[in-house]
Amino acid sequence: MFIDRVKIHIKGGSGGNGAVSFYRAKYITNGGPDGGDGGKGGDVIFIADEGLNTLVDFRYKKTFSAQSGANGSKRNCTGADGESIIIKVPVGTVIREAASNKVMADMVKPGESKTIIKGGKGGKGNQHFATATRQAPRYAEKGRPSKEYDVILELKLIADVGLIGLPNVGKSTLLSMVTNANPKIANYHFTTLSPNLGVVRSRWGDDFVMADIPGLIEGASEGAGLGHEFLRHVERTKVFIHVVDGAALEGIDPISNIKKINNELKKYNQNLSDRPMIIACNKMDIPEAAENYKKIKAEYEPNGVKVFPISAAANTGLDELLKAVADILKDYPQDIVFEEDFDEFTEEITASEPFRIHQPYKGYYIVEGTGVEKMIGYTNIDTEKGFAFFQKYLRDKGIIKALEERGINEGDTVKIYDLEFEFYH
Ligand SMILES: Nc1nc2c(ncn2[C@@H]2O[C@H](COP(=O)(O)OP(=O)(O)OP(=O)(O)O)[C@@H](O)[C@H]2O)c(=O)[nH]1
Ligand SMILES: [Mg+2]
């Protein structure tokens with residue numbers, strides 16, 4: 001079964017907690033802190049696998065979680081890192097975050113891997129919190145949580161040329177004549193039920209890949225027929241060959257048919273109607289086709305759209321058509337890739353991050369939270385300006401107020417990750 005769009009849930013592993021523990025041995029009392037660090041949580045990694053052609057594997061399995069890091073333990077034992085989860089997808093899969101519909105990655109290179117979620121950091125064990133005056137810290141950091149998202153996986157085939165047109169006009173016949181592909185061909189509508197790809201061995205430049213999709217009908221962009229489901233597979237194609245039944249065997253004026261299909265393309269995605277298009281007036285072996293060919297040419301060539309008379313079945317006119325395609329492709333050497341616009345980093349900073357305050361001892365306060373941690377990473381606190389900026393951040397986020405509510409006094413110590421300072425108003 002051809003499945004090319006699924007929604008799944010992915011979750012990174014959280015970090016393990018740091019341990020609170022003190023060295024113990026015979027004859028030794030009051031041993032120093034020896035609580036180990038928690039392990040790092042596993043990542044969520046996607047790999048573009050050339051062996052896959054559809055997203056059918058995701059039909060039943062919808063949740064993918066990486067392992068959490070193990071907690072630290074006594075005797076400075078660091079917890080094991082959680083195992084990452086690797087999710088294989090077909091080449092050409094676009095990964096979007098479901099809520100924002102933003103692109104997290106476009107898996108276009110065979111074998112490429114992308115880390116979409118990083119596992120949470122492990123917490124530090126109490127051994128890191130000893131100071132000259134506090135030799136028995138009863139505090140250890142918690143492991144950091146990771147992230148989880150609903151994501152949409154959407155397969156968009158990688159092809160240079162897309163064959164579009166109504167059902168039964170000869171798209172698959174054309175593909176079978178000019179490429180190595182062997183699509184099903186028959187005299188009824190919707191013979192093709194899933195896209196077919198073939199490689200054209202070009203005599204006019206680089207080889208190129210051609211995609212044949214199921215026939216489009218009026219209303220396709222709103223879901224009529226099968227076309228809607230498959231239009232996503234021509235979103236990367238650089239050129240369209242619009243195949244028309246020149247013999248109008250089904251009795252409908254070919255020009256109005258062309259307009260209908262163009263309209264559906266435009267409604268599906270405005271960008272598609274700006275792509276270069278060539279019209280292939282097919283079935284020229286049937287005498288009635290000559291008249292229609294003339295009409296189509298008169299209508300479209302003045303607008304710069306080339307019209308080629310062909311017979312896919314009798315193999316006439318195909319070279320001229322392919323050469324014209326090859327010439328256009330020379331101007332489009334780059335593949336069409338969907339830009340990543342999901343920016344986890346900015347989202348985190350702008351969201352009002354919750355923070356936590358611990359008070360392991362009197363006069364000693366620990367502030368934690370992803371927002372403050374990032375802020376420290378940003379700011380050079382050693383400079384006066386940097387420190388002032390950081391103080392303002394603490395004030396604006398309500399952290400100073402929260403410390404005051406906890407009863408902080410002047411001269412007490414505040415520890416924020418690697419930074420430790422005395423509190424003054
Ligand atoms: N006379 C003639 N018949 C053709 C030609 N090309 C295709 N046909 C016939 O037209 C019918 C439809 O051909 P297909 O290639 O299956 O058409 P399609 O556009 O892929 O159709 P769908 O997959 O249903 O959208 C078949 O009976 C073909 O044999 C041609 O050049 N001349
Ligand atoms: Mg077909």
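The analysis underlying the following values was restricted to heavy atoms, covering all of them including side chains, and did not include hydrogens, waters or symmetry mates. Start at 1 and go down the list; that is how both ligands and their atoms are numbered.
With respect to the salt-bridge test (charged N to carboxylate O, under 4.0 angstrom), the residues D160 and R236 do not qualify. Ion pairing between E291 and K295 fails under the 4.0 Å rule for side-chain N and carboxylate O. A salt bridge between E97 and K102 is absent, with no side-chain N of the basic residue lying under 4.0 Å from a carboxylate O of the acidic one. Salt bridge R356/E368: present, at least one basic N to carboxylate O contact under 4.0 Å.
Counting protein heavy atoms only, atom 25 (O) of ligand 1 is closest to K171 NZ, 2.9 Å. Distance from atom 17 (O) of ligand 1 to its nearest protein heavy atom, with residue and atom name: G170 N, 3.1 Å. When hydrogens are left out, the protein atom nearest atom 13 (O) of ligand 1 is T173 OG1, 3.5 Å; that is the closest non-hydrogen contact. Summary of contacts: the protein heavy atom closest to atom 10 (O) of ligand 1 is K283 NZ, 3.2 Å.
Backbone or side-chain N, O or S atoms of N168 do not reach the Mg ion (ligand 2) at under 2.8 Å.
Around NZ of K114, the count of heavy atoms belonging to other residues, nucleotides or ligands within 6.0 Å exceeds 12.
Contact annotation for D285 and ligand 1: only side-chain heavy atoms (C-beta onward) come within less than 4.0 Å of the ligand. Only side-chain heavy atoms of I286 come within less than 4.0 Å of ligand 1; its backbone N, CA, C and O stay farther off. Proximity of N282 to ligand 1, defined as any heavy-atom pair under 4.0 Å, is confined to the side chain (atoms from C-beta onward). Heavy atoms of A247 found under 4.0 angstrom from ligand 1: none, in either backbone or side chain. Only the backbone of H189 comes within 4.0 Å of ligand 1, counting heavy atoms alone; no side-chain atom from C-beta on gets that close.
For the pair K306 and Y300, the cation does not sit on the ring face, since its NZ or CZ is not both under 6.0 Å from the ring centre and inside 45° of the axis. With a 6.0 Å cutoff to the six-membered ring centre and a 45° limit on the axis angle, K61 counts as a cation-pi contact of F64.
Set against the non-hydrogen atoms of Y188, the atoms of ligand 1 under 4.0 Å away are 24 (O). Those atoms of ligand 1 that come under 4.0 Å of a heavy atom in G215, given as number and element, are 25 (O).
Residues Y268 and F230 keep their aromatic ring centres 6.0 Å or farther apart.
Between the side chains of D43 and T115, no donor N or O sits under 3.5 Å from an acceptor N or O.
Listed here is the closest heavy atom pair of I278 and L321: CG2-CD1, 3.6 Å.
Not a single N or O atom of M284, backbone or side chain, sits closer than 3.5 Å to an N or O atom of ligand 1. Of the polar atoms of A313, at least one N or O is found under 3.5 Å from an N or O of ligand 1, judged by distance alone.
Distances from atom 29 (O) of ligand 1 to the heavy atoms of N168, I185, T316, N315 show the closest one on I185.
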